[in-house]
Amino acid sequence: KQTPPAEESGVQIGNGQTIGSRSEQDDYFASMTTPVGTLALVADGISGMANGRMSSTLAVTTFMKEYSKVTRPEEIITYLDRTAAVVNRNILQQLNGQGGGTTLAVVVLVGNRLYYGAVGDSMITIYRNGEFMSVNSKHTAEVLLEEKVLAGQMTAEEAKDSPVRYHLINYLGYEGFSSMEIADTPLELLPGDQVMVCSDGIHEALTEIELETIMRKGLPPQESAEQMIEAVHRKGLKHQDNATVILLSGG
C-alpha cells in the first residue's frame with residue numbers, strides 16, 4: 001500500500017517497498033497524522049498463502065482505525081497495548097486453526113517524543129549523528145539461542161547454524177501471544193533525528209553500514225527510502241523477502 005510522502009505537522013515521511021523474489025506482497029504499511037501526532041507502522045505477514053496478507057492488512061487497518069479515536073498523548077500507550085490484544089484475537093478468529101500471523105512495528109511521533117510498540121522481527125531504529133540506534137528487540141529464537149550460548153548449553157557455532165534461528169517466538173495471530181514490546185515512557189528525540197521502521201526484508205538484505213551510507217547523504221526521507229529499496233534490488237539476493245521501509249523526520 002503506497003501512501004504519498006506527508007509533511008503535515010512538520011513531520012516528513014518517506015516510504016519504499018519491494019516484493020523481492022516472492023510471488024506475493026505480505027508486507028503492509030501505512031501512516032497518518034492527527035492532531036495528536038503522526039502514526040507510522042509496518043506489518044510483515046507470516047506464511048505464504050493469503051493468511052500472511054490477511055494478517056498484516058488486518059493489523060495495520062485496525063491500528064489505524066483505533067488511532068483515529070486517540071484524543072491525547074496520554075492515551076497512546078494504552079492504545080498500543082489494547083489494540084495489539086484486539087488484533088491478535090481477530091487474526092486468530094480469521095485463521096480458524098490455519099497457520100498465519102504477522103509482525104508489527106508501530107511508532108507515534110508527538111513533537112520530539114517517540115512512542116512505540118513492536119512484536120516479531122520488524123525493526124524500529126533511530127538515526128542520530130551518522131549512526132543507527134536500535135529501539136526494539138527482535139522476537140526470534142536467535143535471542144533464546146544466544147542465552148543458551150551464554151549459559152554454556154551450546155556453542156556459538158551451533159547457535160549460528162541452528163535451523164530455528166530466525167523463527168519468531170512472538171507475533172500477532174499467535175496462540176501464546178501475551179503482549180507487544182511497548183515503552184512505558186516515550187523516547188526523547190533530538191533535533192536532526194530520523195526514525196526508521198522496516199520489515200526484516202530491509203535489515204536482512206542491507207547492513208547497518210550500507211543503510212547509514214544512504215542516510216549520511218542528508219536527503220529528504222522519501223529519497224532515502226527509495227535509495228534503500230534500490231540498494232536491495234542491486235543486491236539481487238536469490239531469496240529476497242518482501243521489504244518495506246518508512247522514514248520519519250522532524251516533528
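Hydrogens, waters and symmetry mates play no part in the numbers below; they use all other heavy atoms, side chains included.
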Check against side-chain contact (heavy atoms from CB on, under 4.5 Å), Ser31 and Leu39: CA-CA 5 Å; Ser31 58; Leu39 169 84; over 6 Å; no

List the atom of [X], the atom of [Y], and the distance in Å for their closest heavy-atom pair.
X      : Y      : answer
Val60  : Ala30  : CG1-CB, 3.7 Å
Val42  : Cys198 : CG1-C, 4.2 Å
Gly173 : Ile91  : CA-CG2, 3.6 Å
Asn51  : Gly100 : CB-CA, 4.1 Å
Tyr116 : Val107 : CB-CG1, 4.1 Å
Pro221 : Ile13  : CB-C, 4.1 Å

So with a 6.0 Å cut-off around CD1 of Ile209, is the heavy-atom count from everything else above 12? no

Can you tell me if CD on Glu175 sees more than 12 non-hydrogen neighbours from other groups inside 6.0 Å? no

Set of residues satisfying ring pair (Phe, Tyr, Trp, His ring centres under 6.0 Å) with respect to Phe177, sequence neighbours excluded: none

What's the verdict on side-chain contact (heavy atoms from CB on, under 4.5 Å) for Glu181 and Val119, showing C-alpha distance, side-chain angles and the deciding distance? CA-CA 6 Å; Glu181 177 185 331; Val119 59; over 6 Å; no

Is any side-chain heavy atom of [X] closer than 4.5 Å to a side-chain heavy atom of [Y]?
X      : Y      : result
Asp27  : Gln17  : yes
Tyr28  : Arg53  : no
Gln94  : Leu58  : yes
Ser179 : Asp81  : yes
Tyr171 : Ile46  : yes
Lys235 : Leu206 : yes
Leu211 : Met228 : yes

Pair [X]-[Y], side-chain donor/acceptor within less than 3.5 Å:
X      : Y      : answer
Thr62  : Glu66  : no
Thr125 : Ser134 : no
Ser122 : Thr103 : yes

ILVMFWY cluster, Leu219 and Ile229 together (side-chain gap under 4.5 Å): no

If you group Ile, Leu, Val, Met, Phe, Trp and Tyr by side-chain heavy-atom gaps below 4.5 Å, do Ile76 and Val86 land in one group? no

Atom pair [atom1]/[atom2] of [X] and [Y] - distance to nearest 0.5 Å:
X      : Y      : atom1 : atom2 : answer
Glu75  : Arg82  : CD    : CZ    : 9.5 Å
Tyr127 : Glu208 : OH    : CD    : 11.0 Å
Asn90  : Met54  : CG    : CE    : 10.0 Å
Met215 : Gln194 : CE    : CD    : 3.5 Å
Asp44  : Asp26  : CG    : CG    : 7.5 Å
Leu248 : Ile126 : CG    : CD1   : 11.0 Å

Let's go through Leu80 and Met180 carefully: what are the C-alpha distance in whole Å and the side-chain angles of both, what is the deciding distance for side-chain contact (heavy atoms from CB on, under 4.5 Å) to 0.1 Å, and is it a yes or a no? CA-CA 8 Å; Leu80 292 170; Met180 273 205 311; 4.2 Å; yes

Pair Glu223 + Lys217, salt bridge at N-O below 4.0 Å: no

Can you say whether the rings of Tyr79 and Tyr67 are parallel (under 30°), tilted (30 to 60°) or perpendicular (over 60°)? tilted

Matching residue for Thr207 among Glu204, Glu210, His203 - test: side chain to side chain contact (heavy atoms under 4.5 Å, CB included): Glu210

Going by side chain to side chain contact (heavy atoms under 4.5 Å, CB included), Ser199 matches just one of Asp121, Val245, Ile246, Thr244. Which one? Thr244

Using only atom types and a distance under 3.5 Å, with no angle test, would you say the side chain of Arg128 pairs donor to acceptor with the backbone of Asp193? no

Given Asp184 and Ile77, is the side-chain contact (heavy atoms from CB on, under 4.5 Å) satisfied, shown in steps? CA-CA 7 Å; Asp184 295 335; Ile77 290 168; 5.5 Å; no

